[in-house]
Amino acid sequence: MIMFVFNLLLAIVWVAVTGSASFLNLVFGFALSALALATVRGSYGALYLGRIGRILMLLLLFLRELAKSAWAVAVTVMSPKMDVKPGIFAFPLTVDRDFEITLLANLITLTPGTLSVDVSDDRKTLYVHALDCSDPEAVKRSITEGFERRIMEAFR
């Protein structure tokens with residue numbers, strides 16, 4: 001977290017030095033600062049850049065899943081015969097920290113066709129409502145291999 005704040009401060013300094021306060025210049029300054037920190041800090045900087053890459057991969061996965069599920073929901077809603085089997089299933093959690101559970105629940109909720117309903121008191125089960133719950137094991141597998149795996153890679 002400290003490296004991120006330091007990186008952001010260096011990017012703001014970059015914007016001030018160049019005299020161009022545009023979003024694109026700030027992003028360029030952020031990337032340049034990350035590269036400088038990786039060079040100066042050695043292996044710790046490389047870990048920082050790796051984490052940024054893993055977070056970006058999580059973001060790209062979310063955008064891909066968002067597009068796929070939005071298309072599937074649109075096709076389902078527009079079809080003359082809506083053949084859906086909505087239901088709620090229990091998803092066993094591998095992530096255990098509050099931040100990771102919250103992030104996973106929000107990513108699931110933001111994806112069309114699914115909604116996080118509740119987390120068990122022992123924080124080991126997430127209850128998810130799915131628009132099409134005809135194969136809950138496939139949905140569980142998709143969440144485990146997608147969002148949950150990427151969250152664990154990015155934040156551990």
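We're numbering straight along the sequence, starting at 1. Being a predicted model, the structure only gives us computed values, none of them experimental. What you see below is based on every heavy atom in this structure, not just the backbone, and it leaves out hydrogens, waters and symmetry mates.
Val117 has its side chain out of reach of Val128: every pair of non-hydrogen atoms, C-beta onward, lies at least 4.5 Å apart. At least one side-chain heavy atom of Arg150 sits under 4.5 Å from a side-chain heavy atom of Met57. A 4.5 Å side-chain heavy-atom check between Phe155 and Arg97 finds at least one atom pair inside the cut-off.
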inquiry  = Thr114 vs His129, test: side chain to side chain contact (heavy atoms under 4.5 Å, CB included). Steps then yes/no.
reply    = CA-CA 6 Å; Thr114 55; His129 178 273; over 6 Å; no
query = Does the pair Thr76 and Val84 meet the rule for a side chain to side chain contact (heavy atoms under 4.5 Å, CB included), with working shown?
reply = CA-CA 8 Å; Thr76 301; Val84 295; 3.2 Å; yes
query = side chain to side chain contact (heavy atoms under 4.5 Å, CB included) between Arg123 and Asp98: does it pass, once the steps are laid out?
reply = CA-CA 9 Å; Arg123 296 176 20 210; Asp98 288 340; 3.2 Å; yes
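Put simply, Leu107 and Leu63 are part of the same group of oily side chains (I, L, V, M, F, W, Y) that touch within less than 4.5 Å, one to the next. Residues Leu131 and Leu110 are members of separate hydrophobic clusters, defined by side-chain heavy-atom contacts under 4.5 angstrom among Ile, Leu, Val, Met, Phe, Trp and Tyr. Residues Leu10 and Leu32 do not share a hydrophobic cluster, clusters being chains of Ile/Leu/Val/Met/Phe/Trp/Tyr side chains in contact below 4.5 Å. Hydrophobic clustering (side-chain heavy atoms under 4.5 Å, transitive across Ile, Leu, Val, Met, Phe, Trp, Tyr) groups Phe99 together with Leu126. Tracing side-chain contacts under 4.5 Å through hydrophobic residues (I, L, V, M, F, W, Y), one reaches Leu66 starting from Leu58; they form part of the same cluster.
Contact between Ser116 and Thr109 at its shortest, heavy atoms only, is N-OG1, 3.1 Å. Here the closest heavy-atom approach between residue Cys133 and residue Gly87 is recorded as CB-N, 3.6 Å. Of all the heavy atoms in Arg54 and Ala154, the pair that sits closest is CB-CA, 3.9 Å. Closest approach of Pro92 and Lys140 over heavy atoms only: CD-CD, 4.5 Å. Smallest separation of non-hydrogen atoms from Val119 and Ile101: CG2-CG2, 4.0 Å. Between Ala34 and Asn7, the closest heavy-atom pair is N-OD1, 3.3 Å.
Here side chain to side chain donor-acceptor pair (under 3.5 Å) pairs that include residues 15-27, with residues two or more places apart or in two chains, are Trp14-Asn25, Thr18-Asn25.
A salt bridge is absent between Glu137 and Arg141; no separation between the charged side-chain nitrogens and carboxylate oxygens falls under 4.0 Å. For Asp96 and Lys124, the salt-bridge test fails: no basic side-chain N is under 4.0 Å from an acidic carboxylate O.
Between the side chains of Thr111 and Ser69, no donor-acceptor pair of N or O atoms lies under 3.5 Å.
To the nearest 0.5 Å, atoms CE (Met152) and CG (Leu104) are separated by 11.0 Å. The CG atom of Leu60 lies 12.5 Å from the CD1 atom of Ile55; values are rounded to the nearest 0.5 Å. Between atom CZ of residue Phe91 and atom CZ of residue Phe147 there is a gap of 11.0 Å, rounded to the nearest 0.5 Å. To the nearest 0.5 Å, the span separating CD1 on Ile143 from CD1 on Ile108 amounts to 4.0 Å. The CD1 atom of Ile151 sits 11.0 Å away from atom CZ of Phe62, with the distance rounded to the nearest 0.5 Å. Rounding to the nearest 0.5 angstrom, the gap separating the OH atom in Tyr127 from the OG1 atom in Thr125 is 5.0 Å.
Around atom CG of Leu24, no more than 12 heavy atoms belonging to other residues, nucleotides or ligands sit under 6.0 Å away.
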